[in-house]
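In what follows, every chain begins at residue 1, and chains take the letters A, B, ... in the order their sequences are listed.
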Protein chains: 2
Amino acid sequence: MTARTPDSARDIPEATVARLPVYLRALISLAEEGITTCSSEELAAFAGVNSAKLRKDLSYLGSYGTRGVGYDVEYLRYQIAREIGVTQDWPVVIVGIGNLGHALANYSGFRSRGFRVVALLDADPDRHEEVVAGLEVRSFEDLESIVAEHDVSIGVIATPAVAAQSVADRMVATGITSILNFAPTVLSVPDGVGVRKVDLSIELQILAYHEQRKSVAPGAGAVS
Amino acid sequence: MTARTPDSARDIPEATVARLPVYLRALISLAEEGITTCSSEELAAFAGVNSAKLRKDLSYLGSYGTRGVGYDVEYLRYQIAREIGVTQDWPVVIVGIGNLGHALANYSGFRSRGFRVVALLDADPDRHEEVVAGLEVRSFEDLESIVAEHDVSIGVIATPAVAAQSVADRMVATGITSILNFAPTVLSVPDGVGVRKVDLSIELQILAYHEQRKSVAPGAGAVS
DNA sequence: CTCGTTTTGTTCTCCCGTTCACAAACTCCT
DNA sequence: AGGAGTTTGTGAACGGGAGAACAAAACGAG
């Protein structure tokens, strides 16, 4: 048994971090249904994971359950939100207002989960008059002043692949330290800058691989 | 040394499958630059992975390199494409033509990587006149006939969260066996149906977690 | 107060994936 | 032909995560 560190500074495994948002979403759903208490079994079913895994994940945050009873939905919800850091609001800039940028700007899930889009930037001057999701599309040149003004640390790249690396470089130069990349390119950034990528066609290709396997050898397992 | 199985029927680790599309993209880039041969070191740098990992990944497909020389770009490109299954065309239906559905329908990366969007479906009759990306938006009720006509096995869900499960159920009932889910919900599907999910706000929340950590304890590592 | 029931938190084991390190194999130069 | 230099393919060590299983803790009944 290690020393108790009730406040912070534990190291949570990356796999667990990736699941915490799922648990948070499940807890919000439960709260909306008026459920105030739930067992690890119930919550795990809601989140689509094994209950042992759920308990182990939560144990990294602390001891927030009651044995024999379960978890208080509202309390656990707050604790996870605090751990992730979405009790505060994170300002976000989106660069590249094409089809995908449009969709992201209008996506209500960002706002409702602690993220506020403060600016939409595009290199194409033809788009600069346009108003998307209540925000005027501005020049990419304004990146630095916007980041400084709103203290932005998270940037979203929704540009074509060829532009992505230079946009990332510029973002890093202005002080952004977390990047969500939708462009189908591998970004190279300095140490200390976090990058996550979402590649739409890669996901489809993974599905295609398993699909092809099914038709050849019937007996393939699950995918995810 | 195990028996050679030159044709198919090896089991490729899931982690490797997820990287094959990245290698494929890197090879296409190299081919466009006129490069005909590359070492594992070069290709790995291009794909953003360790060269040892790359070689091990490729070794699951077979021995397609030449020691002392490297890999033939065009040959390896074809082998990976064949292994994934993107030498043929996969018909795809998209359900839910909101902001995100629009963006997906217009995304050129699908077509160029072996996927062909054959239909756009939406439950809202107000959208049924609209033409998006050269396709008329049709009623969700047409799902069954479209799937049958085009022999569709891959479906994309871009609906609001509340509708996603019922859409998935209907897809499965019509014979679709692979689903790419953009709705922020856990889908439950029968065994044998593959599901992959893309959750935009979860990715941001993971970034937020690490971002928060940086400001508290300066010395956090990379993200992924 | 005591016992049985429920459910968490944690330990232990197994498996998958990553990385190192090196032998095998190929090219090129002399 | 032979040796030096490269680069692949893979065996082996290593680390992290998943799941089973159980002890510890809370609650309720009698």
Side-chain angles (χ1 to χ4, degrees), chain A residues 1-6 10-20 22-23 27 30 35-73 75-76 79-80 83 206 221-224, chain B residues 1-6 10-20 22-23 27 30 35-73 75-76 79-80 83 206 221-224:
Chain A
M1 196 179 293
T2 61
R4 192 124 306 271
T5 50
R10 294 128 298 170
D11 53 333
I12 299 179
E14 195 54 36
T16 296
V17 171
R19 281 188 294 268
L20 289 179
V22 179
Y23 303 152
L27 287 166
L30 289 171
I35 298 170
T36 60
T37 297
C38 71
S39 69
S40 65
E41 204 74 45
E42 295 172 83
L43 183 54
F46 232 81
V49 301
N50 186 301
S51 71
K53 181 152 58 177
L54 171 75
R55 288 199 300 278
K56 180 173 275 204
D57 283 342
L58 294 184
S59 75
Y60 290 115
L61 312 187
S63 270
Y64 295 141
T66 308
R67 296 177 192 223
V69 178
Y71 299 94
D72 182 279
V73 171
Y75 182 60
L76 184 59
Q79 293 298 339
I80 293 180
E83 190 71 36
I206 295 171
V223 170
S224 168
Chain B
M1 197 179 293
T2 60
R4 193 122 307 270
T5 51
R10 291 127 303 169
D11 52 334
I12 298 179
E14 194 55 36
T16 296
V17 171
R19 282 188 294 268
L20 289 180
V22 180
Y23 303 152
L27 287 166
L30 289 172
I35 297 171
T36 60
T37 298
C38 70
S39 69
S40 66
E41 204 75 43
E42 295 172 83
L43 184 54
F46 232 82
V49 301
N50 186 300
S51 71
K53 180 150 61 176
L54 171 74
R55 285 199 302 276
K56 177 154 276 197
D57 283 342
L58 294 184
S59 76
Y60 290 115
L61 312 187
S63 269
Y64 295 142
T66 307
R67 299 181 191 216
V69 178
Y71 299 94
D72 182 279
V73 171
Y75 182 59
L76 185 58
Q79 292 300 338
I80 293 180
E83 189 71 36
I206 295 171
V223 170
S224 170

**Student:** Between S63(A) and dG9(C), is there a contact of a side-chain N or O with OP1 or OP2 at under 4.0 Å?
**Tutor:**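 Yes, such a contact exists.
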
**Student:** Rounded to the nearest angstrom, tell me the gap between atom CZ in R55(A) and atom P in dG17(D).
**Tutor:**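 Spelled out: CZ on R55(A) to P on dG17(D) is 19 Å.
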
**Student:** Starting the side chain at C-beta, find the nucleotide from dT8(D), dG9(D), dT27(C) nearest to S59(B).
**Tutor:**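 The nucleotide sitting nearest to the side chain is dG9(D).
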
**Student:** At less than 4.0 Å, is any side-chain N or O atom of S39(B) found next to OP1 or OP2 of dT7(D)? Yes or no.
**Tutor:**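 Answer no for this pair, as no side-chain N or O of S39(B) is under 4.0 Å from OP1 or OP2.
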
**Student:** Could you tell me the separation between the CG atom of N50(A) and the C1' atom of dG19(D), rounded to a whole number of Å?
**Tutor:**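 One finds 6 Å between C1' of dG19(D) and CG of N50(A), rounded.
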
**Student:** Once you round it to whole Å, what is the distance between C1' of dC14(C) and NZ of K53(A)?
**Tutor:**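 In whole Å, dC14(C) C1' and K53(A) NZ are 15 Å from each other.
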
**Student:** So which heavy atom on L43(A) is nearest to which on Y23(A), and how close?
**Tutor:**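 Closest heavy-atom pair between L43(A) and Y23(A): CD1-O, 4.4 Å.
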
**Student:** When the distance from CZ of R19(A) to P of dG17(D) is rounded to whole Å, what number comes out?
**Tutor:**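 That distance rounds to 9 Å.
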
**Student:** Calculate the interatomic distance between L76(B) atom CG and dT8(D) atom C1'; express it in whole Å.
**Tutor:**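 After rounding, the gap between these two atoms is 12 Å.
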
**Student:** Can you tell me whether the side chain of R67(B) and the base of dT8(D) have a donor-acceptor pair closer than 3.5 Å?
**Tutor:**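 Checked by distance alone, the answer is yes.
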
**Student:** For L58(B) and dT19(C), give me the distance from atom CG to atom P, rounded to whole Å.
**Tutor:**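 Taking atom P of dT19(C) as the reference, CG of L58(B) is at 15 Å.
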
**Student:** For DNA chain C, whose closest nucleotide is more 5', that of K56(A) or that of G70(A)?
**Tutor:**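 Whichever sits nearer the 5' end wins; that is G70(A).
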
**Student:** To the nearest Å, give me how far apart CD (E14(A)) and C1' (dC16(C)) are.
**Tutor:**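 So the CD-C1' distance, E14(A) to dC16(C), works out to 18 Å.
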
**Student:** Ignoring hydrogens and geometry, is there a side-chain-to-backbone donor-acceptor pair from S39(A) to E42(A) under 3.5 Å?
**Tutor:**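 Yes, the answer is positive, given that a donor and an acceptor are paired below the 3.5 Å cut-off.
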
**Student:** Between A52(A) and P13(A), name the one whose nearest nucleotide on DNA chain D is closer to the 5' end.
**Tutor:**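 Its nearest nucleotide lies further toward 5', so the answer is P13(A).
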
**Student:** Compare side-chain N and O positions of S40(A) against OP1 and OP2 of dT7(C) and report whether any pair is under 4.0 Å apart.
**Tutor:**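 So the side-chain polar atoms of S40(A) never come under 4.0 Å of the phosphate oxygens OP1 or OP2 of dT7(C).
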
**Student:** If I compare all heavy atoms of I80(B) with all of L20(B), which pair ends up nearest, and what's the gap?
**Tutor:**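 Minimum heavy-atom separation between I80(B) and L20(B): CG2-O, 3.8 Å.
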
**Student:** Quiz question: by atom type and distance under 3.5 Å, do the side chains of T16(A) and D57(A) form a donor-acceptor pair?
**Tutor:**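 Yes, D57(A) and T16(A) have a side-chain donor paired with an acceptor closer than 3.5 Å.
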
**Student:** Applying side-chain contact (heavy atoms from CB on, under 4.5 Å), name anything that partners A15(B), two or more places apart in sequence or on another chain.
**Tutor:**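 With neighbours one apart ignored, the set is R19(B).
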
**Student:** Starting at CG of D57(A) and ending at C1' of dG17(D), how long is that distance when rounded to a whole Å?
**Tutor:**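 Distance, rounded to whole Å: 10 Å.
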
**Student:** Below 4.0 angstrom from OP1 or OP2 of dG9(D), is there any side-chain N or O of Y71(B)?
**Tutor:**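 True: Y71(B) side-chain N/O within range (under 4.0 Å) of dG9(D) OP1/OP2.
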
